Amino acid sequence: MLRRLSVDQMCKAAYTCPSVWEDDTDPEYLVVVGHQVPNETVPMAEGEIAIRIKRQVVADAKIG
């Protein structure tokens, strides 16, 4: 089950905001919701995507 650790404070939607989530069944990994960055912006391997998210959302997740 996923548990939301943080959310963009400026977002007014209930659950569709840029956010950081933790998977209770695999806590070594996080799920990050943000805005997709064009493929040519940063190097990526097959199957990867890059996202853009506010630093506030990552800081509020209190990870690492």
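Given the structure is predicted, the values throughout are model-derived calculations rather than measurements.
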Do H35 and I51 have side chains that approach each other closer than 4.5 Å (heavy atoms only, starting at C-beta)? no
Tell me whether S6 contacts the main-chain N or O of V57 through its side chain, where contact means a donor paired with an acceptor under 3.5 Å. yes
With E22, which of R3, R4, M1 fulfils side chain to side chain contact (heavy atoms under 4.5 Å, CB included)? R3
Heavy-atom closest pair, residues P18 and G34: CB-CA, 4.3 Å
Evaluate the side-chain proximity of I63 to L30: yes if any heavy-atom separation is below 4.5 Å, no if none is. yes
I'd like to know whether W21 forms a side chain to side chain contact (heavy atoms under 4.5 Å, CB included) with V33, so could you lay out the CA-CA distance, the side-chain angles of the two residues, the decisive distance to 0.1 Å, and finally the verdict. CA-CA 8 Å; W21 298 74; V33 177; 4.0 Å; yes
Applied to residues 7-17, the salt bridge (charged side-chain N to carboxylate O under 4.0 Å, His left out) test, sequence neighbours excluded, yields D8-K54
Check the pair V58, I53 against side chain to side chain contact (heavy atoms under 4.5 Å, CB included), reporting the backbone distance first and the verdict last. CA-CA 8 Å; V58 175; I53 192 166; 4.0 Å; yes
Is there a side-chain contact between D23 and Y29 in this structure, where contact means two heavy atoms from C-beta onward sitting under 4.5 Å apart? no
Cluster link I49 to V42, ILVMFWY, side chain under 4.5 Å: no
For Q56 and V7, indicate whether the former's side chain and the latter's backbone hold a donor-acceptor pair under 3.5 Å. yes
So the salt bridge (charged side-chain N to carboxylate O under 4.0 Å, His left out) pairs with at least one residue in residues 55-64 (sequence neighbours excluded) are none
